[in-house]
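Reviewing the structure listed below.
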Amino acid sequence: MKKTELYGNLLVLFTTIIYGVNTPVMKTVLPEWIDGWALSTVRQVFAAVAFWITSFFLPPEKIQKKHLLYMIGGGFFGLAMNQIPYALGLTLSSPVDSSILRSSTPIVVIILALLIYKQKVSARLVFSVLLGISGAVLIILLGGNAQGGRPHLGGNLLVVLSILSYSFYLVLIKPVAGQYHVVHIMKWMFLSAAVITLPFSYTHIAAARAFGAGTDWSVIVRILYSCVFATYIAYMVNVEALKYITPTRESLYSYLQPVVATAVAVMLGQDKLSWIDPVALLLIFASFYLLTFRKPAKAQTGKKSRAT
């Protein structure tokens, strides 16, 4: 592994830990103190302001119009349609189920890359995808039931919507990731996301108990963790990592998120493991392994390496 690749992998490992902790942290404030709409928009507005302030200390860069469209698209798919469904889904689901579903992100990224590069669909590919889908379906349909609790179907479907959107964002933003400083990319992404979501969320923000007179300051600290670490720092580091590794490699680290999220959630007493969780995670990981370590034909080796 080259030093640049090692650096990119270390960056993603850092953000993976941040995201893994963020899931149970968000669960402690949703929906009692703040709802999903409000929390997601607060994160986006906070990060937009933070990135624009940071950009004033950097050399200005002229953004090409076509690249600006990529960044606006990244704000929609990577932020608005990622964070809001995920926060709403987490309200109705559990930290463990949500994080395991998140681990299917690499499969979706690979499928999108295959479609974009128009590669042949083999029987192995179909089997691999079906294997991953079966793991996700286990969580979607049975999540919550195995523990004797209420089913998480509605929440899990919202998490799936979030995964689809975020996976498309990873592929979409790759062409501009190395063209500009990461702060200039992020400032436009978060500004566009805030502009999109704020008209729908301002009433939710105003009604949030977290910002009322009787708020608990520990709640503010947890919201700040989500804003500063899981949004401002993590998104900036993720785009920086895409300069050195592929979207598929970056999405691979989502398999560590359930480990971190489960450990924190169990310690906080938010959740407990059922037989479904390790089985679903194993199916999803097996799917990714078969997709990633397939042996391409010699004539198509170069083409397939670019896709992954």
Side-chain angles (χ1 to χ4, degrees), residues 18-19 21-53 71-95 97-99 101-102 144 150-166 168-169 186-235 261 265 268 270-271:
I18 290 176
Y19 286 139
V21 173
N22 188 55
T23 297
V25 167
M26 286 174 60
K27 186 67 175 179
T28 64
V29 298
L30 292 168
E32 180 183 358
W33 292 96
I34 188 170
D35 68 15
W37 279 96
L39 179 59
S40 299
T41 304
V42 166
R43 292 175 65 186
Q44 292 157 18
V45 171
F46 176 91
V49 173
F51 279 118
W52 275 90
I53 292 174
M71 295 174 196
I72 293 172
F76 179 75
F77 291 104
L79 299 172
M81 288 301 294
N82 168 33
Q83 291 182 352
I84 290 177
Y86 186 73
L88 294 174
L90 184 58
T91 303
L92 302 171
S93 185
S94 72
D97 282 4
S98 299
S99 59
L101 281 173
R102 271 287 189 183
R150 61 184 177 84
H152 299 157
L153 178 59
N156 289 337
L157 288 175
L158 285 169
V159 173
V160 169
L161 175 60
S162 167
I163 293 165
L164 293 173
S165 184
Y166 184 73
F168 183 69
Y169 151 75
M186 290 292 101
K187 74 178 186 181
W188 287 110
M189 275 183 51
F190 277 95
L191 178 62
S192 61
V195 169
I196 292 169
T197 60
L198 195 55
F200 303 99
S201 302
Y202 73 94
T203 55
H204 296 261
I205 297 172
R209 284 184 60 206
F211 306 126
T215 189
D216 185 335
W217 282 103
S218 67
V219 172
I220 300 299
V221 170
R222 281 171 270 168
I223 292 175
L224 281 174
Y225 173 86
S226 188
C227 290
V228 177
F229 289 95
T231 311
Y232 175 67
I233 293 176
Y235 270 83
L268 294 176
Q270 292 178 343
D271 212 344

Kindly say whether [Y] contributes a backbone atom to a donor-acceptor pair with the side chain of [X] at under 3.5 angstrom?
X: Lys27; Y: Ser94; answer: no
X: Thr231; Y: Ser226; answer: yes
X: Ser201; Y: His204; answer: no
X: Thr215; Y: Gly212; answer: no
X: Trp52; Y: Lys187; answer: yes
X: Ser165; Y: Leu161; answer: no
X: Ser40; Y: Gln83; answer: yes

So, taking the atom named [atom1] in [X] and the one named [atom2] in [Y], what distance separates them when rounded to the nearest 0.5 Å?
X: Leu39; Y: Ile34; atom1: CG; atom2: CD1; value: 5.0 Å
X: Leu101; Y: Leu90; atom1: CG; atom2: CG; value: 11.5 Å
X: Leu158; Y: Leu88; atom1: CG; atom2: CG; value: 6.0 Å
X: Asp97; Y: Leu92; atom1: CG; atom2: CG; value: 12.0 Å
X: Ile223; Y: Thr28; atom1: CD1; atom2: OG1; value: 8.5 Å
X: Met26; Y: Tyr86; atom1: CE; atom2: OH; value: 6.5 Å

**Report entry** Any Phe76 side-chain heavy atom under 4.5 Å of Met189 side chain
**Finding:**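 Contact flag for Phe76/Met189 side chains = no.
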Query raised in the report: Hey, are the side chains of Leu153 and Leu157 touching, using non-hydrogen atoms and a 4.5 Å cut-off?
Result: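 Side chain of Leu153 against side chain of Leu157, heavy atoms only: contact under 4.5 Å found.
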Requested in this report: Could you please spell out the steps behind the side chain to side chain contact (heavy atoms under 4.5 Å, CB included) verdict for Phe77 and Tyr166?
Outcome: CA-CA 6 Å; Phe77 291 104; Tyr166 184 73; over 6 Å; no
Testing the 3.5 Å rule here: is there a donor-acceptor pair between the side chains of [X] and [Y]?
X: Arg102; Y: Thr23; result: no
X: Ser218; Y: Arg222; result: yes
X: Gln44; Y: Thr197; result: yes

Minimal non-hydrogen separation, [X] against [Y], with atom names:
X: Ala87; Y: Gly36; result: CB-CA, 3.6 Å
X: Ile18; Y: Tyr225; result: O-OH, 3.1 Å
X: Pro85; Y: Ala80; result: CD-O, 3.6 Å

Requested in this report: Report yes if the distance between the aromatic ring centroids of Phe51 and Tyr232 is under 6.0 Å, otherwise no.
Outcome: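 Yes, close enough.
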Report task. Assess Arg43 against Phe190: is NZ or CZ under 6.0 Å from the centre of the six-membered ring, and within 45 degrees of the ring's axis? Result ->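 Relative to the ring axis of Phe190, which defines the angle, Arg43 lies outside at least one limit.
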Report task. Using side-chain contact (heavy atoms from CB on, under 4.5 Å) as the criterion, point out the one residue from Val219, Val221, Ile220 that pairs with Trp217. Result ->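 Testing Trp217 for a side-chain contact (heavy atoms from CB on, under 4.5 Å) against Val219, Val221, Ile220 leaves exactly one candidate, Ile220.
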Requested in this report: Show your working on side chain to side chain contact (heavy atoms under 4.5 Å, CB included) between Phe211 and Ile205 and close with a plain yes or no.
Outcome: CA-CA 8 Å; Phe211 306 126; Ile205 297 172; 4.1 Å; yes
Query raised in the report: Taking the six-membered ring for Trp, are Tyr235 and Tyr19 parallel (under 30°), tilted (30 to 60°) or perpendicular (over 60°)?
Result: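 Rings of Tyr235 and Tyr19: perpendicular, as their planes differ by over 60°.
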